[in-house]
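Okay, structure first, notes after.
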Amino acid sequence: VNAEEDFVTLEKKAKGNDSLESQLQTKINDKFSMFSSCVIDSLKSISIENDVFKVDLQNKGGQVKQVTLKGYKTYYKKPVEFFTKNGNNYGLNLSIGEKVINTQDLFFKIFVNNKLYLNNNPIKVSGKDSIIVSMRLIPNNPNGENDNNYFQNAKQYIEYKYTLRGNDYRLGYGIIFNNMQDIVTDDNEIEMNWVSELKLKEKDADIERKNSSIYYLLSDEVDYLKENGRDDNKKENAIPIKWINYKQQFFLTSILATKN
């Protein structure tokens, strides 16, 4: 079993070979422990949109994979999309006993307004309406099958809760640990990684790159990485960050904390 390949690819190669399948399952169980059932699944997406933009979410990692603005075009008259293909990735590093796993490697289950999402229909909201799409990372069922009935009624999960309102450029994003204290052993703090490859939106790529950086608010002071790349790595010594964004020439992508 080649550890450099993802487990979905390895599963396809091992199919029909009892020895390889057994090796693969042993490797998955060893690495992912109580989340071993979340390692291999089919990619599934859901599109949600409101009056001003469309968001594409994916079950692998429970992530936002694309944001497309309405009413705006690039210099080349194409829709304004924020990320390159598969260019937006984020996840939590979690301690599971002595193991550390990252949620972006795992498959979440999609829920819409607390109901398991089993179709491929896009969802639209407008005006004062809103919708909640939840991505739930559900550990193995200790009492039986990992089936839809178990997923719908599971009481233990990590949830990414996305809230979309009808006329708002913000997408609500909450991280909820529901009855996970016996599985996730991190002590009060969770590390999050966020990496984005931003898509070209303006005529001159060089100018856009020179005007792109990362800005963030520490306590009451805004700081940033210099656009020329001279300080593309900073340590802030665990000072709480109130918001952080990827800034391009005219557009930015942000995470804003509602609490300190």
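Everything numeric here is computed off the predicted structure, so don't read it as measured data. For the numbers below, each heavy atom of this structure counts, side chains included, while hydrogens, waters and symmetry mates do not.
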*In Å, rounded to the nearest 0.5 Å, how long is the span from CG of Leu69 to CD of Glu81?*
10.0 Å

*Using a distance-only test with no angle check, is there a side-chain donor-acceptor pair under 3.5 angstrom linking Tyr157 and Ser134?*
no

*asked:* Is it the case that atom NZ in Lys78 sees more than 12 heavy atoms from other parts of the structure closer than 6.0 Å?
replied: no

*Do you reckon Met192 sits in the same ILVMFWY cluster as Val100, going by side-chain contacts under 4.5 Å, direct or chained?*
no

*asked:* Pair Ser95, Thr185 - check side chain to side chain contact (heavy atoms under 4.5 Å, CB included), show working.
replied: CA-CA 5 Å; Ser95 296; Thr185 54; 3.6 Å; yes

*Using the test salt bridge (charged side-chain N to carboxylate O under 4.0 Å, His left out), find all partners of Arg136 that sit at least two apart in sequence or belong to another chain.*
Glu159

*asked:* Pair Glu145, Tyr150 - check side chain to side chain contact (heavy atoms under 4.5 Å, CB included), show working.
replied: CA-CA 7 Å; Glu145 290 294 320; Tyr150 167 65; over 6 Å; no

*Separation between CZ of Phe32 and NZ of Lys27, rounded to the nearest 0.5 Å*: 9.5 Å

*Using a cut-off of 6.0 Å, state whether more than 12 heavy atoms not belonging to Lys124 lie near its atom NZ.*
no

*With hydrophobic residues grouped by side-chain heavy-atom distances under 4.5 Å, do Phe111 and Val133 end up in a single group?*
no

*Dump the intermediate steps for side chain to side chain contact (heavy atoms under 4.5 Å, CB included) on Trp194 and Ile214, then the final yes or no.*
CA-CA 12 Å; Trp194 181 25; Ile214 295 174; over 6 Å; no

*Side chains of Glu191 and Asn193: closer than 4.5 Å at any heavy-atom pair?*
yes

_Verdict with reasoning, Thr253 to Val67, per side chain to side chain contact (heavy atoms under 4.5 Å, CB included)_ = CA-CA 10 Å; Thr253 306; Val67 174; over 6 Å; no

*Looking at Cys38 and Ile138, what are the two nearest heavy atoms and their distance?*
SG-O, 3.1 Å

_I need the minimum non-hydrogen distance between Ser254 and Asn245, along with the two atoms involved._
OG-CB, 2.9 Å

*asked:* Per the salt bridge (charged side-chain N to carboxylate O under 4.0 Å, His left out) rule, what does the pair list look like for residues 161-175, sequence neighbours excluded?
replied: Asp168-Arg170

*Could you name each residue pair satisfying salt bridge (charged side-chain N to carboxylate O under 4.0 Å, His left out) that touches residues 48-58, not counting sequence neighbours?*
Glu49-Lys70, Lys54-Asp56

*Within a reach of under 6.0 Å around CD of Glu98, are more than 12 heavy atoms found that belong to other residues, nucleotides or ligands?*
no

*Look up atom CG in Asn50 and atom CD1 in Ile131, then write down how far apart they are to the nearest 0.5 Å.*
11.5 Å

*Quick one: closest heavy-atom pair of Ile241 and Ala257, and the distance?*
O-CB, 4.3 Å

*Any side-chain donor near an acceptor of the partner, Gln152 and Asn148, under 3.5 Å*: no

*Parallel under 30°, tilted from 30 to 60°, perpendicular over 60°: which one fits the rings of Tyr173 and Tyr90?*
perpendicular

_Any non-hydrogen side-chain atom of Ile183 less than 4.5 Å from a side-chain atom of Phe35?_
yes

_Heavy-atom side-chain contact between Ile40 and Ile28 under 4.5 Å_ = yes

*Hydrophobic cluster identity match, Ile46 and Leu118, side-chain contacts under 4.5 Å*: no

